[in-house]
Protein chains: 2
Amino acid sequence: MTSPRGNGRGASSQRGPLTRREVVTAALALVDADGVDALTMRRLAERIGVYPTALYWHAGNKASLLAAVCELAHSDMELPPVVGGPPWHEWLRSMGHAARAMLHKHPNIAPVLASQLQVTTSSFPLSESVLAVLHGAGFEGERLTGAYNTVIGFLFGWLFGELASEPPEADEDWTSGFQRKLRDIDSDAAPTLAANLPVLANQAFMLRWESGRRRPMDRSFEMALDVLVAGLAAQVGHEQAVGG
Amino acid sequence: MTSPRGNGRGASSQRGPLTRREVVTAALALVDADGVDALTMRRLAERIGVYPTALYWHAGNKASLLAAVCELAHSDMELPPVVGGPPWHEWLRSMGHAARAMLHKHPNIAPVLASQLQVTTSSFPLSESVLAVLHGAGFEGERLTGAYNTVIGFLFGWLFGELASEPPEADEDWTSGFQRKLRDIDSDAAPTLAANLPVLANQAFMLRWESGRRRPMDRSFEMALDVLVAGLAAQVGHEQAVGG
DNA sequence: ACCTGAACACCGTTCAAGT
DNA sequence: ACCTGAACACCGTTCAAGT
């Protein structure tokens, strides 16, 4: 009950003063393992083997700790090289896959990234790369802003949607109730939905009961990338360059 | 301190037993006014003029109350008519504007919708409409699923990003620190970013310190819609139909 | 500088009891 | 059926005190 250090994290926790990096790493590990709701100052402190209030000295309050956790997860994303790299549409596809890989590695952090503005700090390299690639594709000035916002908003928005939180397992009522409502859909009121239920149920947004962490939406993501790239190409007059 | 009803909500609260609808409406009003963090069972109860535990009888626990709040907000979205309506690309634009109007009417609920899977219940009419329109545009089977996921994921993902939560006002440190970091960007490491800062600062994802609730991203949204529609057109071979 | 230990104001939720 | 009232187990955070 009294919680001095030492039994906290096995071999990896060295002696010596606790460091900020150690706190943030432990917090990300906790989120990855048990979800973002499991991240409480008290629980994290216990896991590290320290008193809760000690965390405040290193990581500030919970909000700034969470921001640091997001930043750490974000740093796991490897950007494709821009100079001497592939043509812009291929680069965007690589970047999309890199972003998706990072988020699937830390799916529990996705809802946090999706809802907060603050966590964007230190993603300047990503911004610069996307901007450079789009500039190279022919976008300038306000249209560069628009294209950039389209790419970031569409891509990350789609991925955050794929990785949305599932209801807590306690709520099996919801899952079974939703499945029943889906099965009982009126084919008069919703004919297209009813007719295509086999390819839609649990595979499409707003029609699924499992998150993309459990059920990755691989093919839909590829098609989304196709649409994004082709749409940008149309904006810049390179329709023929990207293929269907 | 003792909190019987009557002084709770002025004239609008009739006598008689509390109803579920009344609870959910009051909860949405509280979220709209003060943000989702302000929605606690105890505070809501006090506002209605009832004991906290009374809410559980009508609305279940907090998670299901929040789901009901999302559903209520969602019901504020007016779908454009499908049969006898405009061509598919114009319909998609109208739907996009309707979704945006709804979310800008309840911006504080956007982060919840962005992060949770559960809140999708009873959006079957929206799903059916989008599916019908895309089917009419020529998508079938698995490609229909892909196109549907592209539309929903891109559109709502973009809008949730626009309306992300700002840091609490207490955190003026973050805002000013972020602005400084943006101003001090190294034009060697990030030349495109540095050169285009005037059209990017506070107007682009990951480069802004204010949310779209305060600073709507109107023009970028229009361009995003252009890209989405043109990209879908390319998928189905109607490139010439939608215009640039 | 770094951390303990107590304390404060708040949560969501359960449950027995009232009417 | 509908709500009260007390109680429980948890929070985040502050602050004085130790070393």
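The chains referred to below are lettered A, B, ... by the order of the sequence lines, with proteins before strands, and numbering in each begins at 1. Atoms considered below: every heavy atom in the structure, side chains included; atoms not considered: hydrogens, waters and symmetry mates.
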Exercise for review: Take atom CD of A:Glu22 and atom P of C:dC2, then tell me their distance rounded to the nearest Å.
Suggested key: 13 Å
Review point. Could you state the CG-C1' distance from A:Leu55 to D:dG12, rounded to the nearest angstrom?
Key: 11 Å
Exercise for review: Answer with base, sugar-phosphate or nothing: what part of the nucleic acid does B:Arg20 contact at a heavy-atom distance below 4.0 Å?
Suggested key: nothing
Check your understanding: What closest approach, in Å, do A:Met95 and A:Pro80 show between heavy atoms, and which atom pair accounts for it?
Key -> N-CG, 3.7 Å
Revision key, fill the gap. Closest to the side chain of A:Leu18, out of D:dG12, C:dG12, C:dC3, is C:dC3
Exercise for review: Determine: side-chain N/O of B:Thr53 to OP1/OP2 of D:dC3, distance under 4.0 Å, yes or no.
Suggested key: no
Review point. Are OP1 or OP2 of D:dC10 and a side-chain N or O of A:Arg43 less than 4.0 angstrom apart?
Key: no
Review point. Of all the choices, C:dC2, D:dC3, C:dT13, which nucleotide is nearest to the side chain of B:Trp57 once you look at every atom?
Key: D:dC3
**Study point:** Whole-Å distance separating the CG atom of A:Leu39 from the P atom of D:dC10
**Key:** 17 Å
Exercise for review: Let me know which of A:Phe205, A:Phe154, A:Phe221 forms a ring-ring contact (aromatic ring centres under 6.0 Å, His included) with B:Phe154.
Suggested key: A:Phe154
Check your understanding: Hey, is the main chain of B:Leu163 close enough, under 3.5 Å, to the side chain of B:Arg213 for a donor-acceptor pair?
Key -> yes
Review point. The side chain of B:Val50 lies closest to which of these nucleotides: D:dG12, D:dT4, C:dC11?
Key: D:dT4
Review point. Distance check: side-chain N/O of A:Tyr51 vs OP1/OP2 of C:dC3, anything under 4.0 Å?
Key: no
Review point. In the strands shown, is C:dA7 matched to any nucleotide by a Watson-Crick or G-U wobble pair with both distances under 3.5 Å, and which?
Key: D:dT13
Review point. Over how many whole Å does the gap from A:Asp37 atom CG to C:dT13 atom C1' extend?
Key: 16 Å
Check your understanding: Looking at A:His58, does any N or O in its side chain come under 4.0 Å of the phosphate oxygens OP1/OP2 on C:dA1?
Key -> no
Review point. For D:dA1, which nucleotide is its Watson-Crick or G-U wobble mate, given both distances must be under 3.5 Å?
Key: C:dT19
